[in-house]
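When reading the values below, keep in mind they use all heavy atoms of this one structure, side chains included, and skip hydrogens, waters and symmetry mates.
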Amino acid sequence: MQNRIMRAARLVICAAAAHVPVSASAAGWDVRKASSSFELVTLGDGELSGRSINVIQMGNVELTSGRIVAADPLAQPDRPALARTVAPGDYPVTLYQAFGRIAAASMRFAEGKPDHWELAVLPGQDVATLKDDEFFGYPVDAGLGCYTDADTLALIEEREAQVQAQKPDADINYYDDVLASDLDANKGHYALHRPIAGKKGNVAVFWSGWGDGFYPVFWGLDKDGRPLALLTDFGVIENADGRREPEVQ
């Protein structure tokens with residue numbers, strides 16, 4: 001598993017030119033080689049428990065515009081939103097925990113089993129440019145991933161400005177001065193963070209598997225191409241299974 005994370009960390013790909021995402025299947029690039037854990041979003045709690053995977057229901061992320069940002073919220077505070085959008089609304093986030101770590105994180109937009117999966121891309125990224133062992137994703141440098149709405153990034157800036165005004169002579173660090181207290185309530189593993197009390201827009205923040213690295217995000221789509229789920233795979237498990245393989249004697 002450590003080797004898989006190290007391999008993923010080396011696959012940082014620069015954005016390619018085209019503005020319209022290309023279907024992974026149409027490009028000949030095989031999405032199944034980037035993750036073997038798509039089944040996670042289709043299994044019930046009992047089935048997941050039987051695979052030694054613990055389920056954490058974080059609550060709903062408020063998508064005010066439907067433009068989703070998936071990123072390390074501290075390392076890339078102004079990362080662009082994903083190219084594909086969803087209808088504005090409140091959508092549940094589920095974490096899948098294995099080996100004591102957050103192995104994956106999903107967001108649900110509608111019920112049902114995805115018919116197929118596609119790699120989530122930013123505007124300007126083209127799956128057709130990827131080699132067989134490459135993928136687009138986001139870099140993690142603070143040990144965290146997140147789901148939030150693009151509009152909520154402005155609220156984070158507003159909160160940071162408020163804290164700075166309260167401590168004009170201090171060097172403000174959003175993690176230490178704001179986010180840490182929310183994460184500490186859940187042993188540092190996750191938090192549903194609201195930057196500004198009373199304002200709609202929050203952030204699902206979660207521990208990124210083994211920590212720093214480079215991680216892919218995927219859309220689970222129905223047969224008509226409508227989004228049912230979004231999944232971030234942190235490379236902790238394979239084949240949607242958190243059980244350890246027996247050691248060879």
Side-chain angles (χ1 to χ4, degrees), residues 1 3-38 40-41 61 63 66-86 93 96 102-107 109 114-150 153 204-206 208-221 225-238:
M1 281 175 277
N3 290 338
R4 187 178 174 193
I5 293 301
M6 291 176 67
R7 178 177 64 85
R10 292 195 296 266
L11 296 177
V12 180
I13 309 302
C14 294
H19 288 278
V20 180
V22 175
S23 164
S25 58
W29 181 84
D30 190 352
V31 71
R32 293 168 298 180
K33 291 185 178 181
S35 176
S36 62
S37 294
F38 299 136
L40 286 173
V41 303
V61 167
L63 298 182
R67 296 177 295 128
I68 301 171
V69 174
D72 179 332
L74 301 178
Q76 290 189 306
D78 53 0
R79 183 175 175 84
L82 299 176
R84 184 185 292 274
T85 63
V86 298
V93 172
Y96 306 90
I102 304 303
S106 71
M107 184 186 296
F109 310 108
D115 175 75
H116 58 284
W117 290 84
E118 289 184 357
L119 186 67
V121 297
L122 303 180
Q125 290 178 332
D126 184 347
V127 175
T129 66
L130 295 173
K131 296 178 182 178
D132 195 46
D133 60 348
E134 296 177 338
F135 56 79
F136 293 117
Y138 65 84
V140 169
D141 192 45
L144 297 172
C146 83
Y147 291 136
T148 192
D149 192 273
L153 299 181
V205 184
F206 31 81
S208 58
W210 297 106
D212 297 348
F214 190 78
Y215 302 104
V217 184
F218 305 92
W219 290 103
L221 308 172
R226 289 186 292 259
L228 298 181
L230 193 65
L231 180 73
T232 303
D233 186 350
F234 290 120
V236 174
I237 59 176
E238 294 186 3

Pairwise distance CZ(Arg226) to CG(Asp115) - rounded to 0.5 angstrom: 11.0 Å
Look at the aromatic rings of Tyr138 and Phe234 and report parallel, tilted or perpendicular, splitting at 30° and 60°. perpendicular
Kindly indicate whether the side chain of Tyr215, heavy atoms from C-beta on, has any atom under 4.5 Å from the side chain of Ser208. yes
Can you name the closest pair of heavy atoms from Asp72 and Ala142 and give their distance? OD2-N, 2.7 Å
Non-hydrogen atoms of Asp141 and Ala75 that approach each other most closely: CB-CB, 3.8 Å
Could you check if a side-chain atom of Val61 sits within less than 4.5 angstrom of a side-chain atom of Asp149, using non-hydrogen atoms only? no
What I'd like to find out is whether the side chain of Pro227 reaches to under 4.5 Å of the side chain of Leu221, using heavy atoms alone. yes
Enter the distance from Leu153:CG to Arg79:CZ here, rounded to the nearest 0.5 Å. 11.5 Å
Pro216 and Ala34: which non-hydrogen atoms are nearest, and at how many Å? CG-O, 4.3 Å
Trp117 and Phe38: CA distance, side-chain angles, deciding distance, ring-ring contact (aromatic ring centres under 6.0 Å, His included) verdict: CA-CA 8 Å; Trp117 290 84; Phe38 299 136; 4.6 Å; yes
Is there side-chain contact between Val41 and Leu228, with at least one heavy-atom pair below 4.5 Å? no
Test Leu40 against Ile237 for side chain to side chain contact (heavy atoms under 4.5 Å, CB included), laying out the working first. CA-CA 11 Å; Leu40 286 173; Ile237 59 176; 4.1 Å; yes
Val127 and Glu118: side chain to side chain contact (heavy atoms under 4.5 Å, CB included), yes or no, with the steps? CA-CA 9 Å; Val127 175; Glu118 289 184 357; over 6 Å; no
Would you give the length of the straight line joining atom OG1 of Thr148 to atom CZ of Arg67, rounded to the nearest 0.5 angstrom? 11.0 Å
So how far is it from Asp233 CG to Tyr96 OH, rounded to the nearest 0.5 Å? 11.5 Å
The test is side chain to side chain contact (heavy atoms under 4.5 Å, CB included); show your working for Leu230 and Val86 and say whether it passes. CA-CA 11 Å; Leu230 193 65; Val86 298; over 6 Å; no
Mind listing the closest non-hydrogen atom pair of Pro123 and Ala81 along with its distance? CD-O, 3.3 Å
Looking at NZ of Lys33 and CZ of Phe135, how far apart are the two atoms once the value is rounded to the nearest 0.5 Å? 14.0 Å
Just verifying a value: how many Å separate Phe136 CZ and Leu122 CG, rounded to the nearest 0.5 Å? 8.5 Å
Testing the basics here: between Asp126 and Ala128, what is the closest heavy-atom pair and its distance to 0.1 Å? OD1-N, 2.9 Å
Would you say the side chain of Leu119 lies within less than 4.5 Å of the side chain of Gln125, judging by non-hydrogen atoms? no
Exercise: identify the closest heavy-atom pair between Tyr147 and Leu231: OH-C, 3.6 Å
Any idea how Trp219 and Phe109 line up, ring-wise: parallel (<30°), tilted (30 to 60°), or perpendicular (>60°)? tilted
